[in-house]
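These numbers come from the heavy atoms of this one structure, side chains and all, not from hydrogens, waters or symmetry mates.
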Amino acid sequence: MPVKRKLKKKPKTVKPTVVDTNDLFVIDKTPNPAEDIVDVAQEIESENIEAIEREQKRKIKREKDEWEEKILSNIIFNDTENEQIESKQKIESADSDTEMTTATSLQPAWNDLDDETIDSKSAALQQTTKERLQERFEDASGCRPSWANKHLRKLHRNFDDVTQASGSDDDDDDEMEHLLLKKTKLTERPAALRPSFISLTQVTDANRTHKPDAVMRCVEFHPHTQLLLSAGFHKTLDIYQIDGKTSTRIQGVCIENFPIYSAHFSSGGDEVILNSNKAHFFVYNLQTDTFQKIFEIRGHRKEFFNQSLPSPRGDVIAFLGKDGYTVLLSTRTKQWIADLKMNGTVRSVAFAKNGDLMLTGGSDGEVYVWDMNTRDCVNKFRDEGSSVIHSISASSGKKPKIAVGNASGIVNIYDNNCLFSTQTPKPIKTFKNLTTSITHCMFSPTNEIFAFFSYRNTQAVRLAHTTTQTVFSNWPKQDTNLGYVNALDFSYNSKYLAD
């Protein structure tokens, strides 16, 4: 009788648990001089030169004011003083023969002392009368007459010529002594980022006491305070109070059967818009601690919207739909307002000029510019070297810079001319620091830092100096454990960076 063999059961494979943390960094705007001593010396030298130039301008202004005060009483009602000054300059510049002739000219036989006394009294009385009339005129009219101003401008020109031509070692010594007294101010470092170096200090993780067991998809700071939200596939919305030392979890709400793909504060910061791979979405009110469930969007039944973005104007919320549709909902009523249609599939949405313009981009490699007042497409342009756009961002201000990240890991920066004037703009800067598709790119609220990252590779985060458009080469460091970054955000004052 054959013996049946018992098949050995294959051991169960245990899936690794994914633990994602909210890495929190403090951005220090006073970098360590020891790490870049050459730049520090150049900055101090430039500051010394600027201080000397400012001191020279102040000195010239003081001398000009003294000159004006001295001659003002004599030039308002007659021009004899200026004529005497010009005559005196001509006499002093005359040659030696003319001086000899003037010295040997005929002189009066005697001088009467009584005549000199009478002349001095008359001149003093005349001067007093002029000053009194001048004061009465200026008090009555409230301004200096135009002909006097014209005369003063002429004197200022003469004074500038004399001042530029003059100069002595004593003046240089006075300036140097004044600068030495202000040595501490000259070596003071400005509270601004340097283009080649950024100092970030990693502090305690915000979610150190409530680490999720799934991937976090959303990290965002409150637009006006140091509150930080985080959410993800663990179906929980967490809100933390950030102080850089011991961040406190002030709210944690789990939504059953609702893995969170997108979470954003409203422009006022009193609501959070939550999206998932569902046809409905939630709105969480921070003040009342309540949830509002929006079951469907009119005209888009059985469609799910896993991405949305509130407008900074606070009037609409843009939802990324199918077939190139961007669906606009009212922020107040959460009801449908309009559909904006582009070619291809929309993958990214951004607002510019404080919400007056909206930018969309996607699978056709073009950026569409929408006027949010008329809801018309006012322009579209092709991103250079791009076939699929993955992320769009705009800096704040009246003349924003536009950043476009594509599937090749390239980020192009355009000036604001691309919004209206051209359909084939040339980027003013191209970043090629990453090799995988760009997940997201963004400007800091103070427009000092530009960040871009990709979740398809570890340590795939780069920060750039916005003004000089150079990447900070000292971050991330080799020992900076960032892992796979799915989201990143700056605090409202650009003091904190969270991922």
Side-chain angles (χ1 to χ4, degrees), residues 217-218 261-262 264 275-279 281 297 299-311 316-329 336 338-352 357-372 375-394 401-414 418-420 422-427 430-442 451-457 460 484-488:
R217 290 291 302 265
C218 317
Y261 281 70
S262 172
H264 293 286
N275 298 90
S276 182
N277 56 348
K278 309 289 181 180
F281 65 95
I297 299 176
H300 297 273
R301 296 188 60 184
K302 297 182 181 181
E303 290 185 28
F304 66 88
F305 301 88
N306 59 7
Q307 296 289 330
S308 66
L309 184 66
S311 169
V316 298
I317 307 171
F319 286 78
L320 280 65
K322 297 192 305 181
D323 302 327
Y325 281 100
T326 301
V327 184
L328 302 182
L329 269 65
W336 176 88
D339 291 339
L340 304 182
K341 177 73 166 63
M342 57 169 277
N343 298 327
T345 301
V346 57
R347 292 176 178 262
S348 181
V349 171
F351 289 95
L357 297 177
M358 186 179 73
L359 310 176
T360 61
S363 60
D364 63 345
E366 292 185 325
V367 178
Y368 294 75
V369 183
W370 305 88
D371 188 336
M372 296 306 291
R375 301 191 183 98
D376 294 329
C377 182
V378 294
N379 190 29
K380 71 174 181 178
F381 63 91
R382 174 162 292 279
D383 180 33
E384 186 177 80
S386 174
S387 58
V388 179
I389 294 175
H390 279 208
S391 179
I392 303 176
S393 180
K401 294 180 180 179
I402 310 301
V404 182
N406 60 37
S408 303
I410 296 175
V411 179
N412 291 321
I413 307 294
Y414 301 91
C418 68
L419 298 176
F420 300 104
T422 179
Q423 294 185 353
T424 56
K426 293 293 182 181
T430 299
F431 294 104
K432 300 180 180 180
N433 303 82
L434 301 181
T435 57
T436 54
S437 61
I438 301 299
T439 302
H440 189 51
C441 58
M442 63 181 305
F452 55 100
F453 62 93
S454 173
Y455 77 92
R456 296 183 179 275
N457 204 351
Y484 294 91
V485 177
N486 290 278
L488 183 145

Between Asn275 and Ser308, is any side-chain donor less than 3.5 angstrom from a side-chain acceptor?
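Distance-only check passes for Asn275 and Ser308.
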
Under the side-chain contact (heavy atoms from CB on, under 4.5 Å) criterion, do Ile297 and Leu329 qualify, and how do the steps go?
CA-CA 8 Å; Ile297 299 176; Leu329 269 65; 3.9 Å; yes

Using only atom types and a distance under 3.5 Å, with no angle test, would you say the side chain of [X] pairs donor to acceptor with the backbone of [Y]?
X: Ser311; Y: Val316; result: no
X: Ser454; Y: Ser437; result: yes
X: Ser363; Y: Thr345; result: yes

From [X] atom [atom1] to [Y] atom [atom2], the distance as rounded to the nearest 0.5 Å:
X: Ser348; Y: Leu320; atom1: OG; atom2: CG; value: 7.0 Å
X: Ile389; Y: Arg382; atom1: CD1; atom2: CZ; value: 8.0 Å
X: Ser393; Y: Ile413; atom1: OG; atom2: CD1; value: 8.0 Å
X: Met358; Y: Leu340; atom1: CE; atom2: CG; value: 4.5 Å
X: Ser386; Y: Glu366; atom1: OG; atom2: CD; value: 10.0 Å
X: Gln307; Y: His264; atom1: CD; atom2: NE2; value: 6.5 Å

One pair to check against side-chain contact (heavy atoms from CB on, under 4.5 Å): Asn433 and Phe452. What are the steps and the verdict?
CA-CA 10 Å; Asn433 303 82; Phe452 55 100; 3.9 Å; yes

Minimal non-hydrogen separation, [X] against [Y], with atom names:
X: Ala407; Y: His390; value: CB-NE2, 3.8 Å
X: Cys418; Y: Ile402; value: SG-CG1, 3.8 Å
X: Ile438; Y: Ile410; value: CG1-O, 4.1 Å
X: Ala403; Y: Val411; value: CB-CG1, 4.4 Å
X: Glu384; Y: Asn412; value: O-ND2, 3.0 Å
X: Ile392; Y: Gly361; value: CD1-N, 3.4 Å

side-chain contact (heavy atoms from CB on, under 4.5 Å) for Thr436 and Tyr455? Distances and angles first, verdict last.
CA-CA 8 Å; Thr436 54; Tyr455 77 92; over 6 Å; no

Is the number of heavy atoms from other residues, nucleotides or ligands within 6.0 Å of CZ (Arg456) greater than 12?
no

Does a sphere of radius 6.0 Å around CZ in Phe381 hold more than 12 heavy atoms from other residues, nucleotides or ligands, not counting ones at 6.0 Å or beyond?
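Counting neighbours around CZ of Phe381, more than 12 heavy atoms of other residues, nucleotides or ligands fall under 6.0 Å, so yes.
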
Can you find a heavy atom in the side chain of [X] that is under 4.5 Å from one in the side chain of [Y]?
X: Phe319; Y: Val349; answer: no
X: Val327; Y: Glu303; answer: no
X: Gln423; Y: Asn379; answer: yes
X: Val404; Y: Val367; answer: yes

Hey, does the Lys NZ or Arg CZ of Lys341 hover above the aromatic six-ring of Tyr325, less than 6.0 Å from the centre and inside 45° of the axis?
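Pair Lys341/Tyr325 counts as cation-pi.
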
Ring geometry between His440 and Phe453 (parallel below 30°, tilted from 30 to 60°, perpendicular above 60°)
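Correct class here is perpendicular.
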
